[in-house]
**Student:** 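Have a look at the structure that comes next, please.
Below, read A as the first sequence line, B as the second, and so on, with proteins coming before strands; counting in each chain starts at 1.
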Amino acid sequence: QKEVEQDPGPLSVPEGAIVSLNCTYSNSAFQYFMWYRQYSRKGPELLMYTYSSGNKEDGRFTAQVDKSSKYISLFIRDSQPSDSATYLCAMRNSGGSNYKLTFGKGTLLTVNP
Amino acid sequence: GAGVSQSPSNKVTEKGKDVELRCDPISGHTALYWYRQSLGQGLEFLIYFQGNSAPDKSGLPSDRFSAERTGGSVSTLTIQRTQQEDSAVYLCASSRGGLRDEQFFGPGTRLTVL
């Protein structure tokens, strides 16, 4: 079992839909959780960074962390064609080699106009 | 300011040849990371540099891989005697360092080994 599991999709939705992206993890040492967006042939860019259970909202994006279930989600409201990209979850622990990010494989999202 | 830059953007090489990939981090960032992104595998950590400390090389897949960082800035990832399974996108990231810092990624070098 990989440390981080993420459904690779692909996921195709109409413009304006609410998108839900999810990751599960097995390592309880993970304390910091990130969502990156990666456009084709570009490097990942950080969208959301959370370190506690609960919700964090930033514009149309909401990150949700449930440490008890080892489950994180990213919600995109009013999705736009410009949101079409691969979304990667990433995690790091709080001690030792905490600089290492462990990534999910990414979910490819297409938002159709 | 300028982001992380990597060169070349694409590299095609023949099996058995050596390749060098370059990363220029964001000015002032003390931490530098290399990751590999293979089809269907996601991003895998390769190596980490922080200031003058010894690098964490624990993610390098074999002794054919090595990396150095000169003057605390530019980094070079070298792959010797390339194999077809080395084909991937090699991503470099840099950060200010610290527990909650953000890693900023470059555009990557797409390596194809024929």
**Student:** Please check if the number of heavy atoms outside B:Leu114 that lie under 6.0 Å from its CG is greater than 12.
**Tutor:** yes

**Student:** Return yes when atom CZ of B:Arg96 has more than 12 non-hydrogen atoms of other residues, nucleotides or ligands closer than 6.0 Å, and no otherwise.
**Tutor:** no

**Student:** Taking the side chain as every heavy atom from C-beta outward, state whether B:Asn10 and A:Arg41 have any pair of such atoms under 4.5 Å apart.
**Tutor:** yes

**Student:** Check each atom of B:Phe104 against the heavy atoms of chain A and say whether the ones under 4.5 Å are side chain, backbone, both or neither.
**Tutor:** neither

**Student:** At what distance, to the nearest 0.5 angstrom, does CD of B:Gln103 lie from OH of A:Tyr49?
**Tutor:** 8.5 Å

**Student:** According to a hydrophobic-cluster definition based on side-chain heavy atoms being under 4.5 Å apart (Ile, Leu, Val, Met, Phe, Trp, Tyr only), do B:Ile47 and B:Phe65 belong together?
**Tutor:** yes

**Student:** Is there a chain of hydrophobic side chains (I, L, V, M, F, W, Y, each step under 4.5 Å between heavy atoms) that links A:Leu108 to A:Trp35?
**Tutor:** no

**Student:** Which bit of A:Glu45 comes within less than 4.5 Å of chain B, counting heavy atoms only: side chain, backbone, both or neither?
**Tutor:** neither

**Student:** Non-hydrogen atoms of chain B under 4.5 Å away: do they reach the side chain of A:Pro8, the backbone, both or neither?
**Tutor:** neither

**Student:** Determine whether A:Leu101 and A:Leu88 fall in the same hydrophobic cluster, where Ile, Leu, Val, Met, Phe, Trp and Tyr are linked whenever their side-chain heavy atoms lie under 4.5 Å apart.
**Tutor:** yes

**Student:** Looking at B:Glu85, I want to see if its CD is surrounded by more than 12 non-hydrogen atoms of other residues, nucleotides or ligands under 6.0 Å.
**Tutor:** yes

**Student:** Do B:Gln37 and A:Gln38 come close enough that some side-chain heavy atom pair is under 4.5 Å?
**Tutor:** yes

**Student:** Is it true that A:Tyr99 and B:Leu91 fall in one hydrophobic cluster, defined by side-chain heavy atoms closer than 4.5 Å?
**Tutor:** yes

**Student:** Using the benzene-type ring in the case of Trp, are the ring centres of A:Phe103 and B:Phe45 under 6.0 Å apart?
**Tutor:** no

**Student:** Is it the side chain or the backbone of B:Leu43 that comes within 4.5 Å of chain A heavy atoms, both, or neither?
**Tutor:** both

**Student:** Which atoms of A:Tyr39 are under 4.5 Å from chain B, going by heavy atoms: the side chain, the backbone, both sets, or neither?
**Tutor:** neither

**Student:** Using heavy-atom distances under 4.5 Å, tell me whether B:Ser58 contacts chain A through its side chain, its backbone, both, or neither.
**Tutor:** side chain

